[in-house]
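Please read the structure below before turning to the comments.
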Amino acid sequence: MSSNAPEAPVRKAGPREWLGLAVLALPTLLISLDQSVLYLALPHLAEGLQPTGTQTLWIMDIYGFLIAGFLITMGTLGDRIGRRKLLMIGAVAVGITSVAAAFATSAEALIASRALLGIAAATLMPSTLALISNMFHDPHQRGRAIAVWASCFMGGTALGPVIGGALLEFFWWGSVFLLGVPVMVVLLIAAPLVLPEYKAPNAGRIDLLSVLLSLVSILSIIYGLKELARYGFTPVPVAAIVVGLAVGAVFVSRQGKLAHPLLDLKLFRVGSFTAALLILMVSMLGTGGGYLFITGFLQMVEGLSPMAAGLWMLPAAIASIIAAQVAPVFAKHFRLGTVIGVALLIGMTGYLMLVFVDPVGGMPLLMAGFVIIFIGVGTFGSLGTNLVVGSVPPERGGSAAGLSSISGDLGNALGIATLGSLGTAVYRASIVPPAGIPADAAGAGMASMEGAVTAARELPAKAAEDLMTAAEAAYTSGLNTIGLVCAVLTAISAIIALTMLRNRRGATPSGNAAPQQEGTTKTAERSPSTA
């Protein structure tokens, strides 16, 4: 075919594709909901299973650890065996492991079932995002579809405490895990009817050593970061991070030598792809640390219940969903770097508002800042994800989707670890226990805000009030500091967007979306071997 032949028009998505998007929204909503719903169930779960402190931490963390660890592998596996096939296999696994978690009779059984649930859930995220790129070839429609996908993810995170609280009013703790079963049943019925199949031509076999190296590297780094957030700079988490980085270097070196790598390093030669991942990581670093202290303020300073705190977070979630839906409209008329950069600068002003929050009467300013922050989060969640997926060829869509999720997870873990440690250090440096407080209560209050809340329950009313007043002031100082640091991080993200993405337009297909590859996608979808 002549290289001067006119390009075929990009096929528009029809009703079947939009119905397929609704189906793909179900697992996306479920994954994000599962990550937040357990916090409310923890006291009920602890009463029923009586886990040790260490077991409680693993119950909470193992799900997220294994999702993050398997994202790259599952994204690449979907490219090879078929994205719809992997999605359906994952749906079956999620349904079975959800039931196992709901009816676990011991802490050990719950940890094991949560681990398997995390591996199963890791199949869903890259598959849903990669299938969107197969279904929506028009960049305008793809941007709108990914905005819906991002909205479901953000909405599920906010709805988790609310839905969990409602379930726990009437049912036992295991009911929060059964949410996934009807969702997965609907997915299994609808997926063959409305979702196309796709697998990359000539993808080669999965390199099992690369799978092992990526798993060890990611799990070690995220584990180390989370442990740093809890215990500070102790030898074990530092060693875990060092091991993770070393294994990661071996993984990267191996990918450069393989004919069919698990992670194609050539993706990072696309400037917009690399910039989007970098902005995502830096932005989520700020969001992770800020979210941690904001939710803590609502519950420990304002004294709200977990469900009430979840309801107060709904306005921010709604703002992020609206921003995600509106962002593609702005991207049609302005350069992508400008839209993302301006949105991040808006989010920066929200963080700056946190600097001025007071422990008494600070709720209105806090919630206003929280909403403004999530306007920036929603905008980039939509446009940034679309940029990552749209910057790579269709056969690398699963890998790109996995990397997008990994960047967010690493940024979030890094934010919780570093900013959480910073906020705790400010708290400890700021608190001055009132005179007359017993030494053990004063020591608990100086260690952490959680310790102050627990100690205050055992004190007389006046002493408890004095201790809480001092602790709330110190905790708010930590929040103020976190707000300032997050504002700086968000400003850095905005600068990256305004410089590295200054020549990108949201309405322009990526250079990789060539007609030949478009045809390859359609051929693959029609092939009997991939249907």
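For the pair T123 (side chain) and A120 (backbone), a donor-acceptor distance under 3.5 Å is present. S217 places a side-chain N or O within 3.5 Å of a backbone atom of G244 that can act as its donor or acceptor partner.
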Checklist entry - Would Q325 and V148 count as a side chain to side chain contact (heavy atoms under 4.5 Å, CB included) if you check the C-alpha gap in whole Å, the side-chain angles of each, and the deciding distance to 0.1 Å? => result CA-CA 7 Å; Q325 297 301 315; V148 172; 3.9 Å; yes
Next on the checklist: Test side chain to side chain contact (heavy atoms under 4.5 Å, CB included) on M500 and I495; report intermediate values, then the result.
Outcome noted: CA-CA 8 Å; M500 296 185 69; I495 292 170; over 6 Å; no
Checklist entry - Stepwise, does the ring-ring contact (aromatic ring centres under 6.0 Å, His included) test hold for F297 with F293? => result CA-CA 6 Å; F297 186 95; F293 260 69; 9.8 Å; no
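The CG atom of L280 sits 9.0 Å away from atom OG of S493, with the distance rounded to the nearest 0.5 Å. Here the CD atom belonging to E108 is positioned 10.0 Å from the CG atom belonging to L110, to the nearest 0.5 angstrom. Interatomic distance, CD1 of I218 versus CZ of F70, reported as 10.0 Å (0.5 Å rounding). In this structure, I492 CD1 and I279 CD1 are separated by 12.0 Å, a value rounded to the nearest 0.5 Å. The structure places CG of D358 at 14.5 Å from CE of M363, a figure rounded to the nearest 0.5 Å. The distance from the OG1 atom of T349 to the CG atom of L345 is 8.5 Å, given to the nearest 0.5 Å.
Between L215 and T73 the shortest side-chain heavy-atom distance does not fall below 4.5 Å. By the 4.5 Å heavy-atom criterion applied to side chains, L489 and V485 are counted as neighbours. Between R114 and L66, every side-chain heavy-atom pair lies at or beyond the 4.5 Å cut-off. Side-chain contact between I119 and T97: absent, with no pair of heavy atoms (C-beta onward) separated by less than 4.5 Å. The shortest side-chain heavy-atom distance between M468 and M449 falls under the 4.5 Å cut-off. Looking at L484 and N480, their side chains never come closer than 4.5 Å, going by heavy atoms from C-beta outward. Between W312 and L366 there is no side-chain heavy-atom pair separated by less than 4.5 Å. Contact of the L354 side chain with the I373 side chain is registered, since non-hydrogen atoms from C-beta on lie closer than 4.5 Å.
Nearest approach of P27 to L124, heavy atoms of both residues: CB-CD1, 3.9 Å. Considering every non-hydrogen atom in both G224 and P237, the closest pair reads O-CB, 3.4 Å. Across every non-hydrogen atom of L419 and I482, the tightest pair is O-CD1, 2.8 Å. Pairing each heavy atom of V301 with each of P359, the nearest pair is CG1-O, 3.8 Å. In terms of heavy atoms, A464 sits closest to A456 at CB-O, 3.3 Å. Between Y427 and Y475, the shortest heavy-atom distance links the atoms CD1-N, 3.4 Å.
Counted within 6.0 Å of CE on M281, heavy atoms from surrounding residues, nucleotides or ligands total more than 12; the atom is thus considered enclosed.
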